[in-house]
Structures are given as C-alpha cells and as structure tokens.
Amino acid sequence: MANNDIRVRFAPSPTGPLHIGGVRTALYNYLFAKKHNGKFILRIEDTDSGRFVAGTEEYINESLKWAGLKFDEGVTEGGDFGPYKQSQRKDIYKKYAFQLIENGWAYFAFDTTEQLETLRQQFESEKKRFSYNSTIRLSMTNSLTLSREETEKRVAEDENYVIRFKMPENYDVTAVDLIRGNLVVNTNSLDDKVLFKSSDQLPTYHLANIVDDYLMKISHVIRGEEWLPSLPLHVMLYKAFGWEDVMPIFAHLPLILKPNGKGKLSKRDGDKEGFPVFPLQYLSPDGEISNGYREAGYFPEAVVNLLALLGWNPGSDKELFSLEELIDLFDIDRVHKSGARFDPEKAKWFNHQYLINKDNKELADLFMPILKEKRIFNVEHNTLETIVGLVKERVNFISELWEQTSFFFCAPEKYDMNSVRKRWKEGIPEFMQNLSISYQEIESWEATTIKKATTNMITSAEQNFGVILNALRFIIVGGSFGPDLYTIIELIGKEETLKRIVTATNLFFKKE
Ligand code: GLU
C-alpha cells in the first residue's frame, strides 16, 4: 500500500465529553497518519439519537484543537469523502442494510420491545442470558419465520422493524489485530446484532461504522480496547458485503487504568483523587462541572506527551517528546497489549518539565494575568522574568507561581506567630535594627553587597548565621521558603526591605 493511501479516522460519538482515553486514541491515529504521510480524519458518529448530548460535538472539536491535533478531513475541514457526520449521511445506510437482506446476510425482525423484554425476563428467571442468535431466531417474528408476502406486507405498511445481521452458525472468525495478533472467535458466541432501525430510519453503530470506513477508504482502524468484542462482527460484515479485500487493518489500544491499576480510569477516580480525566472543563446539561486539564493549568504539549507514553513505549528511557518527535518515533508495534496505569503525580511531573523548559519571558507573560488579578500592576517585565526564573523549579503550574512569589510584590500580610516565637532568639530585635542601619549605607543595592553587609554584621555581633538568616527570611518572605534571600532583598529594593524589617520587628515585639 502506498503511503498516501494511509487513511485513519477518529470516530467519536457526541454522547458526552471526550475522556482523555479518547484524546489518546485521536493522538495515536494522528501520529500514525503523520508518520506515514497519510490522512487523519474526524468522523462524528451520531446515529444513536437516544444517547446524543448537546454541546459535546463542539467539546470534542475544541479538545482536539487544544491538543494541537489537526485533521486533514472532517466536518469543518471538508474533504472528498464527506459528509463527515453520520446524521448527514442518513440516506446512505439503508441501501446497504437492504443489500445484506438480499444476499441472505440479514433479515427483518418485527419483535416488539415488549416481546423481547418478556423473553429476557423469562430467560433470567431460568438463570439464562437471552441472546437473539441462531438458536433463537427461528422462534421469533422475523422474515426468516414469516412468509415473504407477510414480510413484504409488514414492511410496506410501515410496521416497525429492525434489520438484524444473520450471524452464521459455528464458524471460526479470524481477525487480525496489529497489537494483539490473530484472534479467533466462534460465531456461536455471537448474537444477531441490529444493523438498522425503521423507527428512525437510522443505522446502528456497527453498520454505519463499517459502511463509512469502506466508503471513506479507511486503511487502519485504531481504536480503544472496548471495541474489541465488536471486531468479529465487523470482520463478518466485511465478508457479507464482499469487501474483505479492502478491509482495514485493526489495532485496539490498551485501556488506561486507574492509579491503583485496578480497572478502567473513570470520571469517579478523578473526582475522588482530584485530578481531571477530561481535556477541558465540562459543564453537563444538568449543571455538573467536571474538571479539565486545560483549566487545571496543564500545558497541552505536556498532556499530549503524557498520553503518548500511556500505552506506547518509545524504546528508550527518554520521556519528553515534542509532537514532531513523536511523529518521527511512533511505531504501532510498540503499543502494549496490557492496560496503562495512569499516575496523577507523573502527570504533574510532565507539566513541571514543560514549565521549566519554557523561557522566562513566556512564563512571565503567562503569569501576568494572575498578577493583574492580584492588582499588581507596576512590575517591569524584565524583573518579572527574573522572578519567575528564580522560582520555576518549585512549581508544577503557572497558578502556583503566586504562592512562591507574592513576597516580591507585597509585604507578607501575616506571620505565623508560633513559628516566630520559636525562631526569635534573644538579641534579634537589636540586631535587626543595626542591620537596617548598615543596609541604609549600602550604595549599590545588589545581592553581593547585601550579602557582604549581612555577613559582616553577623560576624561582628557574634550571632549565629542560621538563626539570623532564618529570622531575616521570615521577616522578608513571611515563611521559611523561597529562593536565595539576598536576591529577594535586592529585587524588592532597599526601601521595602527596611520597611519590612521595621514592621516585623515591631509586630513580633509588641507587648501583649
Ligand atoms: N463511535 C465509536 C466511539 O464512540 C467509534 C468506535 C470506532 O472507532 O470504531 O468510540
């Protein structure tokens, strides 16, 4: 197959927000397409009107845009194989369903929902599972048991029917999966799936998916493991249509597992442990808000990077990859069979790596809106770049910068008096007063000169370095954290430093 014949699709259903597992499926399709100079297509599978959730198609589009995954063909991009939304292809599917009836691969079934429910309950009461399959179909109301005239009459009179696939009996279906190898499933374990419903004149997922993959000339179907049970039916549908020669190659991606490795990662895990499982924040139609990676402060490149490694092994210990590098390295043979455990701490680590690798100018730009919110307006961009450069190693998210830098912009609002009492040793107030005097005399206010003056003062007053520097940091920063103290003192300036020394000394020694 020539490379330009590689065509893959991401085919979400707008039935809710896209889980990060869906973003990963889209990413692997994207990487595969780009790696082989193929086409990456977005197809919206919205034939199940009962499960449709308003706004989720837009959500899917926005999420993939945020992740930087651009489609070559799709609802908004257009393309030669459109429309790319199944509800707009409604007229296409019926004829294919009828074709299968003509070939003897499908049949009309007229059983009502009530009849099926009664049977289901009857089976259940006998501790059996009801399955509309080859052992049952000849005792049901369908075109296999009714006369041709009766069937035609019912169809002509618009009686509700479904078209079911007539799964052959006792046949070993062999399906090939790029990740899992050969799979053999006997058809006796498969049921007669509904392919088309007359009630809404719409195909079900299985029929629409196969017909569209065929018509859109899809070469590879890369999708989540949850679709693996449908694979034998899909292979049989290709056979039934006589399209085996052009059947796509399948690859089913491993599940993304909960942090404890037990079961599929769900929204509930995220809610419980406080990490997002959706790319963007999602407001459900009933008003429930789910957290998103974007809103939690993740960079899209970090999320793409971490998703790329959730199920695929680059073949080395390297963990940080740009999208271009991923395209270059991606190899579907290196996708694992077993589930990939999601580690929320590792997700933060990825964001941290992307944050520290950004230049200080960009970080300052990203931090600026937070400063404005805090009503800090008078900071020079250069100074801000220096400040973020000093603390970036300490944060995972831009939103954490304020906590690490607020003392550069305003004096500590309150001190933890318990810590003060513990640190405040005899002689410190007098020392601080003298230190102020010596600071006043410094002409060139720089970390080095400040350090020299402070060191001289501590030595000549025979004070303990650790005690004094801890106390001074407390006065300036409001706690025992932050980057190099002399650099902080230089950056906040002489006047502000003296002010903080006076304020804190007075406050700590106020007689109660
Ligand atoms: N519409 C299916 C989904 O929502 C697509 C499955 C497939 O890729 O075949 O995931």
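Everything numeric in this text was worked out from a predicted model, so none of it was measured. Both counts, for ligands and for their atoms, begin at 1 and track the order of listing. Just the heavy atoms: all of them, side chains too, but no hydrogens, waters or symmetry mates, feed the values below. When a residue number appears, it is its place in the shown sequence, counting from 1.
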Any heavy atom of Y205 under 4.0 Å from ligand 1? The part involved is side chain
min-distance protein heavy atom vs atom 1 (N) of ligand 1 -> E45 OE1, 2.6 Å
- request: Take every heavy atom of R9, measure it against each atom of ligand 1, and state whether any distance is under 4.0 Å.
  value: yes
Strictly below 4.0 Å, N to O, side chains only: are D46 and K85 in salt-bridge contact?
no
of all protein heavy atoms, closest to atom 4 (O) of ligand 1 is S13 OG, 3.2 Å
S219-D5 side chain donor-acceptor pair, cut-off 3.5 Å
no
Query - Any N or O of A11 closer than 3.5 Å to N or O of ligand 1 - result: yes
What class does the angle between the rings of F40 and Y30 fall in, given that below 30° is parallel, 30 to 60° is tilted and above 60° is perpendicular?
-> perpendicular
- Task: Could you tell me if any non-hydrogen atom of N209 lies under 4.0 Å from any atom of ligand 1?
- Result: yes
Within 45 degrees of the axis of the six-membered ring of Y107 and under 6.0 Å from its centre: does R137 put its NZ or CZ there?
-> no
Donor-acceptor contacts under 3.5 Å from residues 331-341 side chains, at least two apart:
from: D331; atom 1: OD1; to: D333; atom 2: N; distance (Å): 3.0
from: R341; atom 1: NH1; to: P259; atom 2: O; distance (Å): 2.7

